[in-house]
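For reference, the structure discussed in these notes is given below.
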Amino acid sequence: MCACAALHAEVALDPIYADHMVLQQGKPVLIAGTTTRVDRDITVIFNGKRAKAIIHKDRWLAELPPMQASSRPRDLTVEQGADRVKITDVLVGEVWLASGQSNMLFRVDEADNAKDILTAAGNPLLRVRHSEPRPYLGKKPFPESELKLLEEGRMFEGQWAVSSPGTIKRASAVGYLFASRLQKALGVPVGIIDAALGGSEMICWVPERKLRQEYAQVLDATWRESPFITPWHQECVVGNLGENHLSNAHPFQPGYLFRTGVAPWLKMNIAGVIWYQGEADAEIPDAAQSEKLLTDLIQGWRDASAAPREDLPFIMVQLPRIKDSSKLRAFWPEFRELQAKVARALPNVECVCTIDLGTANANVHPPNKDKVAERLAARALATVYRKPVPSHGPQFLKARVDEEDVYVTFSHAEGLHAADGKPVRGFELAGSDGQFSPATAVVKGKTVKLTADFVDEPVEVRYNWAVFADPNLVNRDNLPAEPFRAKLKP
């Protein structure tokens, strides 16, 4: 009934505000919508607070003061003259956005422990806002109905729902499991918003303002021919739109996914972002290009956010392992490196190592999403919420050469050991000829001593620098050492 009334009202809320939603605690609560009467005041009422909206043309925005978390369901009401719009069962807590490509879109009911997840899904303090991408992305033509939706920007339509076996089946497995862990650890309501698309490249998620500043060449009709678009994506665009509709909107168009799936949420105020993407961009072997794209994406999201520029936490999943020798995966070690590099360079950006969590085959969609979500949640609890939770595996700190031996020291390396009790695997050394040889590794406290029989004067060291790795070096929390490569100095 509320929805029907809103259709005929002069004032309306934006679609992201709906029954069962969660509002972010501890930050100004921003509420927005539209109106047909710009000459009448608009008031937003929630939790005993009232805020008068600023009206500009047909848009309005109201700001309620920061609030503490509350599990008490409340109504949020918008009033303009005799018109009233109300949403119900609104909580206050932590709100996170889960975005990226197919491994973030990967559904709960596709996970290898789906039955157990669904059985335990009933939780009134956990709310899910699942956005089902509308068009199927292959190489077949889009029907006229889907072309119309894309033109209208209706790519990620969904609704808020209370977590239950029936409401989370198609939600993001990583997103849901991440939010479930946060809710249990923090004891407050948590809302998780998923907006992801399989096969999407980073350029699709970069805000238009950043595109105009840094990537003007992708804003004209020839965007699909740019170096940021892989051949497979180019073929999809032509197949989906046909030669006569190539000027139409497409999900792979630069900036489109940000505009339709991310921008509205950043204006609302949220706690942070979890990001699982890279498989598509890693098909383009250009580390400098991908590093800049990822940096600009994060900074562009922060520029568009209601929060101050560096206050929006951004936690990404580093590409895992995959047993695939095809050309498409050859650049994965370099892509993992640039992900870690961006995380080190930007404040409040984290890169979660999953080198041990991929597949032992060519499946690019590992079905075990529980461990990925566990590590994302641990990193959020440790860095955003300052909880004493182990969240880092050993990270390369420094290396030195002593005659023919190399000593590599790690941070986050308390209790450094081989998880399976076997010799440590994955280290290689290279001499001036650039040829790498496997190195014998011996753990000494937080340092690993390396020796390679065929390398007399080592100049470079690397660890698990491979598309597929079989790592076993972990710390006392059994978190894996991150892959790396480094030049050596005598």
Side-chain angles (χ1 to χ4, degrees), residues 103 276-288 290-291 294 316-344 351-366 368 371-372 375 392-397 399 406 408 410 413 416-420 422-431 433-443 448-455 458-475 478-488:
N103 272 306
Y276 195 164
Q277 193 274 350
E279 298 90 341
D281 287 273
E283 294 181 19
I284 302 174
D286 189 330
S290 292
E291 181 183 337
L294 182 54
M316 74 180 95
V317 178
Q318 192 179 45
L319 286 183
R321 65 180 183 175
I322 186 170
K323 202 166 190 177
D324 186 347
S325 58
S326 69
K327 185 179 179 181
L328 292 179
R329 312 298 176 210
F331 192 64
W332 278 36
E334 289 81 1
F335 200 89
R336 295 186 196 114
E337 180 182 53
L338 71 88
Q339 288 178 299
K341 187 176 178 181
V342 170
R344 289 192 300 268
C351 182
V352 174
C353 178
T354 62
I355 189 68
D356 58 326
L357 298 184
T359 56
N361 53 43
N363 182 9
V364 77
H365 301 118
N368 184 359
K371 275 289 184 183
V372 178
R375 291 183 188 174
H392 280 90
Q395 292 178 318
F396 172 78
L397 187 61
V406 173
V408 178
F410 293 87
L416 196 65
H417 69 285
D420 54 8
K422 297 179 180 180
V424 173
R425 300 183 293 269
F427 282 98
E428 297 175 289
L429 293 174
D433 61 357
Q435 299 300 309
F436 281 91
S437 296
T440 300
V442 178
V443 176
V448 178
K449 176 186 175 182
L450 304 176
T451 306
D453 294 338
F454 302 104
V455 182
V459 299
E460 190 171 359
V461 58
R462 65 188 188 185
Y463 174 69
N464 278 335
W465 194 265
V467 175
F468 178 79
D470 186 20
N472 66 344
L473 184 63
V474 298
N475 60 15
N478 288 315
L479 292 171
E482 299 179 4
F484 73 90
R485 61 177 173 177
K487 299 290 185 181
L488 297 171

Can you list everything that forms a side-chain hydrogen bond (donor to acceptor under 3.5 Å, both in side chains) with [X]? Sequence neighbours excluded, please.
X	value
R375	D356
S437	none
H365	S102
E337	R485

Not counting sequence neighbours, which residues clear salt bridge (charged side-chain N to carboxylate O under 4.0 Å, His left out) with [X]? List them please.
X	value
K487	E460
D286	none
E291	K341
R344	none

Which residues share a ring pair (Phe, Tyr, Trp, His ring centres under 6.0 Å) with F468, sequence neighbours left out |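 Ring pair (Phe, Tyr, Trp, His ring centres under 6.0 Å) check on F468 returns nothing, list empty.
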Of all residues at least two apart in sequence or in a different chain, which pass the ring pair (Phe, Tyr, Trp, His ring centres under 6.0 Å) check with F335?
->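 So F335 forms no ring pair (Phe, Tyr, Trp, His ring centres under 6.0 Å) with any residue.
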For V474, enumerate each residue passing the side-chain contact (heavy atoms from CB on, under 4.5 Å) test, keeping only those at least two apart in sequence or located in another chain.
->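 By the side-chain contact (heavy atoms from CB on, under 4.5 Å) rule, V474 matches H417, A419, N478.
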Short question: side chain of N472, backbone of R425 - any donor-acceptor pair under 3.5 Å?
->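 Yes; judged by distance alone, with no hydrogens or angles, the pair exists.
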Answer yes or no: is there a donor N or O on one side and an acceptor on the other, between the side chain of R336 and the main chain of Q318, under 3.5 Å?
->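 No.
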Given side chain to side chain contact (heavy atoms under 4.5 Å, CB included), test D324 with W332 step by step and report yes or no.
-> CA-CA 11 Å; D324 186 347; W332 278 36; over 6 Å; no
List the atom pairs, with distances to 0.1 Å, where a side-chain N or O of residues 277-284 and a protein N or O form a donor-acceptor pair under 3.5 Å, not counting sequence neighbours.
{"unit_1": "Q277", "atom_1": "NE2", "unit_2": "Q101", "atom_2": "OE1", "d": "3.3"}
{"unit_1": "Q277", "atom_1": "NE2", "unit_2": "S200", "atom_2": "O", "d": "2.9"}
{"unit_1": "Q277", "atom_1": "NE2", "unit_2": "D281", "atom_2": "OD2", "d": "2.7"}
{"unit_1": "E279", "atom_1": "OE2", "unit_2": "N103", "atom_2": "ND2", "d": "2.7"}
{"unit_1": "D281", "atom_1": "OD2", "unit_2": "M202", "atom_2": "N", "d": "2.8"}

